[in-house]
Amino acid sequence: MSGGGGAAGRGINVLNVAEKPSVAKSVATLLSRNQGLRVRDGRSRYNKVFEFGYSIRGQPCHMIMTSVTGHVTELDFDDRFRKWNSCDPADLFHAPIRKAVPQDKMDIKRTLEEEAKRSQWLVLWLDCDREGENIAFEVIEICTAANRHLTIKRARFSALIEREIHDAVQNLVQPNKWFSDAVDARQEIDLRIGASFTRFQTMLLTNAFAIDSATSDRSLVLSYGPCQFPTLGFIVERYWEIQSHEPEEFWTINCSYRCDEGVANFNWTRGHLFDYTCAVILYEMCVEESSATVTGVRQQEKHKYPPHPLNTIELEKRASKYFRMSSEQTMKVAEELYQAGFISYPRTETDNFSARTNLLAIVQEQQSHPTWGPYAQRLLDPNSGLWRNPSNGGRDDKAHPPIHPTKYSAGENSWSQDHHRLYELVVRHFLACVSQPAVGAETTVEIDIAGEQFNASGRVIIAKNYLDVYRFESWGGSVIPTFTSGQQFIPTTLTLDSGVTRPPPLLSEADLLNCMDKAGIGTDATMHDHIKKLLDRYYATKDQNTRFSPTSLGEALVMGYDDMGYKLWKPNLRAMMEMDMRAVSEGAKTKDEVLETCLQQMKACLLDARLNKQKLMEAMALFFERSTQLERDDQHVIRGYVRVCSLCRDSNMLLKQNRDGNYFVGCQGYPQCRNVVWLPGSVSEAVVTTGICGSCTPGPVYKIQFKFRRLEIPPNYDVAHLGCIGGCDDILRQLTEICGTGSRMAARVQPPTPHSSSVPRRNNAQVAPCIYCRQTGHSSSNCPSQIVSPKKSRSRQGSTGNGESSISCTTCGASCILRTANTANNKGRKFYSCQTQGCNFFAWEDSLGTGARGGRATPSSVNPSISFSGRASGNSVWGRGRGSQGVFVSATGDPVTGRCFICGDPSHFANVCPNRNT
DNA sequence: GCAAGGTC
């Protein structure tokens with residue numbers, strides 16, 4: 001069929017590319033039959049280049065075989081969208097993206113380019129799944145850019161077996177664009193959803209709450225991903241199920257009979273009753289009856305079947321169950337055993353052996369093993385009747401066979417205990433798969449006492465078969481005495497027993513993998529990564545029994561989205577995406593169609609989540625304190641990101657508070673960039689929101705929720721104000737003018753020059769134009785029209801006749817009355833206020849014409865309060881939907897009814913219960 | 001500083 005091995009001779013150069021170095025080596029070895037095979041280094045130290053002669057359908061070829069290591073390119077946003085504060089997270093749904101070769105893959109790219117230039121054919125040996133097909137197109141892209149005359153061919157193989165490989169190379173096909181398109185769509189959707197939601201929730205919550213975790217050494221990222229979040233959802237859902245479980249007492253009647261032959265324990269056919277009175281009545285009837293009557297004896301042969309052939313998820317589940325190995329560790333060890341040639345490819349969905357697999361040969365290899373060798377010998381003996389063709393688990397990824405041993409080993413010196421265990425599991429599992437099921441004889445006896453039915457059963461194992469080798473499973477059996485129908489006996493014991501219902505256990509790693517597998521979350525190669533990510537993100541913890549609980553952070557996030565009504569933490573979204581991907585890979589839908597509908601929906605979801613962010617905040621507030629103090633630089637408390645600097649356009653503008661408590665928005669690039677916007681001195685509190693100004697550029701400019709001290713602002717201004725520092729906000733501008741700022745420079749009297757280079761000038765660059773003359777280029781405090789000598793000032797002011805003077809309102813032109821303040825902070829201080837209803841003009845007399853107009857005279861005596869709290873509106877319902885006994889928490893956190901549902905204590909609620917497992 | 005998917 002082929003002309004493998006030997007010298008290359010003349011012929012075309014064929015560049016062969018595999019998905020990983022090990023496959024390149026295997027394929028090269030198999031095709032060359034290890035004759036005339038030369039190896040040299042490529043640009044990448046991991047990816048060798050093999051060369052040998054071969055002939056494809058009679059065409060002499062010089063084969064050049066190399067590899068990549070998975071994907072060569074990565075998808076990411078254009079540079080200008082890469083910085084977290086560079087854009088509105090919602091923009092990430094349509095921001096330009098590009099595929100690029102990351103730095104650590106550049107040497108692989110160079111090897112491909114160099115080899116492509118001297119080749120006529122390109123043969124793709126990537127794994128035969130969707131991801132493999134996508135990588136094939138990445139390789140095509142790189143190679144054809146270097147040599148556009150290349151003839152492109154795809155080798156399809158399902159195992160690294162000599163015959164398969166020779167077949168594949170003699171029957172080359174074309175790569176499948178639909179498969180590749182499905183992966184492109186998946187990548188784009190994952191990136192856009194992941195990045196947008198991660199930025200949204202991280203920026204919203206990490207600054208707003210004091211999230212205590214082991215993260216003090218690095219900044220906390222609250223990531224969202226279409227796989228990690230549903231995985232968290234499973235953990236939280238089970239946790240809530242347990243939390244909401246109410247123990248309920250039940251009663252059951254048990255009966256036993258002991259004789260020379262042994263004991264039979266009879267179970268009540270009713271199971272159990274929750275009604276005590278009813279149970280007592282039935283029990284008393286049984287007690288009064290003198291004897292039990294056997295109403296039936298059944299004997300049946302039962303089988304316990306060996307497991308299906310082993311795929312990745314099953315390997316992870318069983319290693320977790322039998323050895324308590326984490327899925328991550330299992331995959332690490334399995335990969336090493338695979339690399340060393342002891343087991344087959346460990347990342348496979350397939351749990352069905354193809355008819356072409358030589359199963360006998362695999363068993364034969366294991367015959368000499370000291371422990372399971374004798375069992376393998378029995379299997380091979382036709383007289384033993386132990387052999388049975390393996391069952392079909394119904395899954396096939398068309399790329400790899402089930403995991404099975406590929407090389408005999410009695411254990412290597414370099415192996416750890418985990419290597420020994422895992423190899424043993426793979427071998428024993430394989431031997432079990434090709435074995436007969438265990439056979440048992442089961443006897444069921446039914447009796448009647450006073451009209452109540454009871455039954456007991458016993459089992460005798462007739463043939464252990466596969467259980468002889470699969471030591472991880474057992475089949476309990478008990479022998480019961482012989483009974484005959486119609487027989488009567490007096491029970492040895494007859495008791496009324498009580499029990500209590502129990503909640504289900506926390507999810508184990510095997511349970512979690514099961515949930516993910518059923519819902520299609522992740523791939524066999526990545527499921528363990530998603531589980532690990534939850535631990536890394538402090539969303540969940542794993543106890544000694546490999547059982548998972550959510551942390552407060554994980555629970556709060558899921559609760560927040562749940563309260564919004566979005567099932568983002570449910571697996572449905574991923575399942576729908578997976579269906580779409582399948583449709584693309586089958587040509588039923590196009591990539592663009594799927595992208596458009598999916599991204600449109602998810603963008604709407606993000607926008608809605610932003611509108612309802614209060615729900616997230618409320619959920620977080622149940623578990624975390626509001627952060628009172630955030631990051632600090634040398635001089636200031638940093639209160640949040642506002643915008644990209646409008647001056648240097650490079651650094652971020654942050655809302656900060658100086659030591660005197662005054663707020664300003666300054667450029668992080670200080671002192672190189674000195675851009676600053678000072679805020680009114682009357683601000684008692686300022687919090688950056690996720691709201692974005694619709695008009696100020698360059699955007700996004702995040703709005704700030706201000707709270708002003710009532711007594712320091714004119715009465716016609718609201719205490720609360722959602723403002724923008726980008727220049728569009730009239731109210732903020734007016735209050736800055738009226739109250740002055742906390743800038744030390746601004747507090748001084750400014751020289752009356754319109755070209756002052758002091759800090760307020762920058763301030764004015766942001767808050768322009770001047771409120772007096774509506775001109776830009778100077779501050780209102782320096783307005784030439786307002787700067788007058790005291791004498792001149794007085795002469796401009798008319799007398800009101802009652803001892804008070806007046807000026808003209810610069811806003812509406814009406815007359816302003818000079819009045820005397822009578823407030824705690826400004827007692828006796830004079831101010832002008834406009835008499836026109838609805839006009840906001842207000843000015844302190846002593847500040848007219850200075851840079852310190854209306855500045856704070858004394859520290860506020862007003863107790864600052866939180867501008868919006870986590871429980872500001874509506875009732876939060878603790879435990880809603882998670883059980884019938886949820887405890888209600890009012891808007892203020894006070895109880896409405898009830899008690900802690902964890903420990904029952906009426907003095908506190910479940911969210912602060914000391915017994916709460918956080 | 002974001003995802004999930006390959007793989008070393």
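All figures in this text were calculated on a predicted structure; none of them were measured in a lab. Letters A, B, ... are given to chains in the order of the sequence lines, protein chains preceding strands, and every chain is numbered from 1. All values below were derived from every heavy atom in this structure, side-chain atoms included, with hydrogens, water molecules and symmetry-related copies excluded.
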Tell me every residue that passes ring-ring contact (aromatic ring centres under 6.0 Å, His included) with A:Y702, counting only those two or more places apart in sequence or in another chain.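 For A:Y702 the ring-ring contact (aromatic ring centres under 6.0 Å, His included) partners, ignoring immediate neighbours, are A:Y641.
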Decide, yes or no, whether a salt bridge links [X] with [Y] under the criterion of side-chain N to carboxylate O below 4.0 Å.
{"X": "A:E114", "Y": "A:R43", "answer": "yes"}
{"X": "A:R98", "Y": "A:E74", "answer": "no"}
{"X": "A:E578", "Y": "A:R574", "answer": "no"}

Once you round it to whole Å, what is the distance between [atom2] of [N] and [atom1] of [X]?
{"X": "A:M331", "N": "B:dG5", "atom1": "CE", "atom2": "P", "value": "13 Å"}
{"X": "A:E188", "N": "B:dA4", "atom1": "CD", "atom2": "P", "value": "16 Å"}
{"X": "A:R130", "N": "B:dT7", "atom1": "CZ", "atom2": "P", "value": "15 Å"}
{"X": "A:E138", "N": "B:dT7", "atom1": "CD", "atom2": "C1'", "value": "12 Å"}
{"X": "A:R192", "N": "B:dA4", "atom1": "CZ", "atom2": "P", "value": "16 Å"}
{"X": "A:L191", "N": "B:dG1", "atom1": "CG", "atom2": "P", "value": "15 Å"}
{"X": "A:H71", "N": "B:dA3", "atom1": "NE2", "atom2": "P", "value": "16 Å"}
{"X": "A:L205", "N": "B:dC2", "atom1": "CG", "atom2": "C1'", "value": "15 Å"}

Report yes if at least one side-chain N or O of [X] is closer than 4.0 Å to OP1 or OP2 of [N]; otherwise report no.
{"X": "A:R347", "N": "B:dT7", "value": "yes"}
{"X": "A:Q228", "N": "B:dA4", "value": "yes"}
{"X": "A:R574", "N": "B:dG5", "value": "yes"}
{"X": "A:S223", "N": "B:dG1", "value": "no"}
{"X": "A:K83", "N": "B:dC2", "value": "no"}
{"X": "A:Y345", "N": "B:dT7", "value": "yes"}
{"X": "A:H530", "N": "B:dG5", "value": "yes"}
{"X": "A:R537", "N": "B:dA3", "value": "yes"}

Any side-chain heavy atom of A:L220 sitting closer than 4.5 Å to one from A:Y538?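 Side chain of A:L220 against side chain of A:Y538, heavy atoms only: contact under 4.5 Å found.
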[X]: partners by salt bridge (charged side-chain N to carboxylate O under 4.0 Å, His left out), with sequence neighbours left out:
{"X": "A:K407", "value": "none"}
{"X": "A:K591", "value": "A:D184"}
{"X": "A:D104", "value": "none"}

For A:K518, is the NZ atom crowded, meaning more than 12 foreign heavy atoms sit under 6.0 Å from it?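 No, because the 6.0 Å sphere around NZ of A:K518 holds 12 heavy atoms or fewer from other groups.
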Does atom CD of A:E596 have more than 12 heavy-atom neighbours from other groups under 6.0 Å away?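 No.
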Checking all strands, does [X] fall into the base, sugar-phosphate, or nothing category for heavy-atom contacts under 4.0 angstrom?
{"X": "A:D127", "answer": "sugar-phosphate"}
{"X": "A:G132", "answer": "nothing"}
{"X": "A:K533", "answer": "sugar-phosphate"}
{"X": "A:D76", "answer": "base"}
{"X": "A:S196", "answer": "nothing"}
{"X": "A:R186", "answer": "base"}

Is there a donor-acceptor pair closer than 3.5 Å between any side-chain N or O of A:S196 and the backbone N or O of A:I193?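 Yes; judged by distance alone, with no hydrogens or angles, the pair exists.
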Scan residues 85-96 of chain A against DNA chain B and write down, sorted by residue number, each residue with any heavy atom closer than 4.0 Å; if none is found, say none.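 None, since no heavy atom is under 4.0 Å.
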With the threshold set at under 4.0 Å for non-hydrogen atoms, list the residues of residues 584-599 of chain A touching DNA chain B in residue-number order.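 Here the set is empty: none.
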A:Y338 or A:W84, whichever maps to the more 5' nucleotide of DNA chain B: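 Its nearest nucleotide lies further toward 5', so the answer is A:W84.
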Aromatic-base stack, A:Y224 on B:dA3, cutoff 5.5 Å, angle under 30: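 Whether judged by distance or by angle, A:Y224 falls short somewhere, so it does not stack on the base of B:dA3.
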